[in-house]
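Only one structure is covered here, and it is reproduced in the block below.
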Amino acid sequence: MGWGSRLSAPLLLIALFCGSGCGLASSAESQFATSSTAGASAPELSSEGQAWLGATIIRGSFSDLRWPNFSDYSKYVKKFYEFNGDSLWWVKGMEPTAQARQVIALFLKADQKGLSAEDYDGSRWNDRLAKLKPATRQPTEADAVKFDLALTVCAMRYISDLHIGKVYPNYLAFALDDESKRYDLAKFLKNHVVGAGDVAGVLAQVEPPYPGYRRTIQALQTYLELARRDDGEQLPAVKKAIVPGDTYPGVPRLARLLRLVGDLPADANVPADQSIYAGALVDAVKNFQRRLGRDPNGRLDAQTLADLNVPLSRRVRQMQLTLERWRWLPAAYQEAPIVANIPEFRLRAYDKDFKIGVTMKIVVGKTYGHHNTPVFTDTMQYVVFRPYWEVPPSITRAEMIPHIVRDPDYLANKGFEVVDSKRNVVSTGKVTPEVLGQIRAGKLFVRQEPGPKNALGLVKFVFPNSYNVYMHDTPSTEFFAKARRDFSHGCIRLEKPADLAAWVLRDNPGWTPDRIRAAMNGTVTQQVNLAHPIPVFIVYATVVVLEDGVVHFYDDIYGHDTALEKALAKGYPYPW
């Protein structure tokens, strides 16, 4: 196979001297205890080979790839080949190196990581290998160079995807992008991959360090197999809910499905021709409902049947999207974090061994009216007992002012006061037209006095952020009895605030549970700085795999799964 048209000398000069550097931070490489480099230097390419390689890299497009446009990686690819004198890395003596074969093997198993083998040219490698030794006795330089470039681009994509995800989180308004995580991909390949004895072992280190991520990877293998085994039969719809003891024609399919996914024990006796919905099958439906965050009432209502009819292939996709977002999280932390998962409506605080220390239900932002709880990471710095609630101007305009117009005594009756910009109290009684005008103009502000009726309850937890979001107690405890709990204006309400206070203050001398309760029920507003600031992760995972290995699925309440799926469908290069 020939090169086609010969490239000119000026183009060769451009290829050799145009462009510079990778621009990625290299600090993330410090997690690797050792590094390895390639063995003997590669033979030099012909001038024609170098010219084609250089020009293709500058162009950032290679038609042999599944995703030809690699312009977002072209600087990194150029730097990688400059390290080797613009010669090949993955081909020695016209034969793929052992490392090249190991990398290709990982590409072919990318689905096991929640990625797609085809994104790394999975089905194309056999043909490429067939053009090199030992499959072909006299390979051409052209085939060797094309093989090498394709492998370099795919390897960089695979490592980056596995380490930080495909889509930049900021593109989807997730404030999780951590520049310190990014590898200098050219150096990374040179130092850790091209000469590695165990490429799989090296690349296992680039994945997120979290136990929940590893459990999700394991659960994905199970569900990939379940999706292959399931026949996909849909359960018949019903006009009214099926309750225990009713006849239901879908019982055989229901039993097969619940046994397959593990909610119905393998040894449960449910005859294949049974038509009565009863016994172990009801318990299995309750287990299923519980795993999906529903009320485990055992009724086959429209919602439960819709959940049961979700194809297992769709559950696999939920896991893939969740794994993408796992890769957006910081790779390191000095203190184990507090994690609030929005779709699950649950908070967990972890110890240094990443074991759960405290867990509780939470209420998150409404799905309408621009009240979504944002996804971001920050650091909890202090706790405030008996806090004031500084009413945000948006809430004052939308909710407070209409009440004041109808009833000038509204604020006084509800325990609110009007203050100036220095938080000096202006009014605690009837709101006059003059004061109302200054509230409208944003010159005066509304805040709620501390106490049991305060919207923030008796304690709030502050991790200063641009969203003005925090965690807090609430007097509206009735919402914790609901399965779906998106009722706030964006902040996170806590089911057990005293428990979280005891957890975050456990290293502050003297802050016992009794002292915490006394501070919550006292008469003084006080701020307590944490002895050790604690990372806070506000995350969005519609799949959660707990320590017992049970897989839980949750609704995509804010549509973030849908938005991520659309972004991923565009293919490389992914949007910044």
Side-chain angles (χ1 to χ4, degrees), residues 173 175 362-374 376 378 381-480 482 485-494 497 519-527 538 558:
I362 58 176
V363 171
V364 301
K366 303 170 185 175
T367 58
Y368 58 88
H370 305 289
H371 294 310
N372 290 7
T373 297
F376 67 104
D378 220 297
Q381 298 181 8
Y382 60 91
V383 175
V384 179
F385 293 106
R386 298 186 67 80
Y388 285 91
W389 178 37
E390 309 282 348
V391 183
S394 59
I395 297 178
T396 299
R397 289 191 300 269
E399 301 180 24
M400 295 291 179
I401 289 177
H403 283 294
I404 297 170
V405 169
R406 290 192 295 269
D407 178 9
D409 290 319
Y410 174 79
L411 294 184
N413 293 336
K414 296 294 183 179
F416 290 90
E417 57 191 20
V418 179
V419 298
D420 61 19
S421 59
K422 296 182 179 179
R423 297 306 181 258
N424 297 315
V425 177
V426 173
S427 171
T428 59
K430 184 187 297 290
V431 175
T432 66
E434 180 184 1
V435 169
L436 178 58
Q438 293 187 68
I439 293 173
R440 288 184 189 273
K443 297 179 179 179
L444 295 179
F445 307 92
V446 177
R447 72 177 183 182
Q448 190 176 24
E449 298 171 347
K453 294 182 180 180
N454 185 283
L456 307 186
L458 300 174
V459 60
K460 75 173 181 177
F461 302 82
V462 181
F463 34 102
N465 58 83
S466 60
Y467 303 103
N468 196 28
V469 164
Y470 39 84
M471 298 174 181
H472 62 85
D473 183 17
T474 175
S476 304
T477 57
E478 68 275 10
F479 291 117
F480 294 113
K482 297 182 179 294
R485 298 186 290 277
D486 50 324
F487 300 105
S488 83
H489 286 88
C491 286
I492 296 172
R493 304 177 191 172
L494 303 167
M520 291 174 66
N521 294 299
T523 58
V524 178
T525 297
Q526 57 180 315
Q527 175 178 317
I538 312 297
Y558 292 165

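Note that OG of S427 and CD1 of I439 are 8.0 Å apart. Values are rounded to the nearest 0.5 Å. Rounded to the nearest 0.5 angstrom, S421 OG and K443 NZ are separated by 11.5 Å. Atom OG1 of residue T367 and atom CG of residue D486 lie 5.0 Å apart, to the nearest 0.5 angstrom. Interatomic distance, Q526 CD to F385 CZ, rounded to the nearest 0.5 Å: 6.5 Å. For the atom pair L494 CG and Y470 OH, the distance stands at 12.0 Å (nearest 0.5 Å). To the nearest 0.5 Å, the span separating CG on L411 from NZ on K430 amounts to 11.5 Å.
Atom NZ of K366 is surrounded by more than 12 heavy atoms from other residues, nucleotides or ligands within 6.0 Å. The number of heavy atoms from other shown groups lying within 6.0 Å of CD (E478) is above 12.
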*Between V383 and M471, does a side-chain contact (heavy atoms from CB on, under 4.5 Å) hold up when you go through it step by step?*
CA-CA 10 Å; V383 175; M471 298 174 181; over 6 Å; no
*Show your reasoning for whether side-chain contact (heavy atoms from CB on, under 4.5 Å) applies to R447 and R423.*
CA-CA 9 Å; R447 72 177 183 182; R423 297 306 181 258; 3.9 Å; yes
*Evaluate the criterion side-chain contact (heavy atoms from CB on, under 4.5 Å) for residue pair D378 and V469; output intermediate values, then yes/no.*
CA-CA 11 Å; D378 220 297; V469 164; over 6 Å; no
*Does the side-chain contact (heavy atoms from CB on, under 4.5 Å) test come out yes or no for F487 and K482, once each step is laid out?*
CA-CA 11 Å; F487 300 105; K482 297 182 179 294; 3.5 Å; yes
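Under the side-chain hydrogen bond (donor to acceptor under 3.5 Å, both in side chains) criterion, D420 pairs with N424, not counting sequence neighbours.
In this structure, C491 and H472 have side chains that are in contact, with non-hydrogen atoms separated by less than 4.5 Å. A heavy-atom distance below 4.5 Å is not found between the side chains of V391 and F445. Using a 4.5 Å heavy-atom cutoff, the side chains of F480 and T474 are in contact.
Looking at every heavy atom in both residues, V419 comes nearest to V425 through CG1-CA, 4.0 Å. Among all heavy-atom pairs drawn from G490 and P374, the shortest one is O-CD, 4.4 Å.
The side-chain contact (heavy atoms from CB on, under 4.5 Å) test with I404 is passed by exactly one of D409, T396, V431, V418: V431.
Remark: side-chain polar atoms of T373 are paired, donor with acceptor, to backbone N or O of G365 under 3.5 angstrom. A side-chain donor-acceptor contact under 3.5 Å links R386 to the backbone of M520.
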Could you pull out all donor-acceptor pairs under 3.5 Å where a side-chain atom in residues 448-464 meets a protein atom, sequence neighbours excluded?
{"residue": "Q448", "atom": "OE1", "partner": "A455", "partner atom": "N", "Å": "2.7"}
{"residue": "Q448", "atom": "NE2", "partner": "K453", "partner atom": "O", "Å": "3.2"}
{"residue": "N454", "atom": "OD1", "partner": "L456", "partner atom": "N", "Å": "2.7"}
{"residue": "N454", "atom": "ND2", "partner": "P387", "partner atom": "O", "Å": "3.3"}
{"residue": "N454", "atom": "ND2", "partner": "Q448", "partner atom": "O", "Å": "3.2"}
{"residue": "N454", "atom": "ND2", "partner": "E449", "partner atom": "O", "Å": "2.9"}

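Classification of the F416-Y410 ring pair by plane angle, with boundaries at 30° and 60°, yields parallel.
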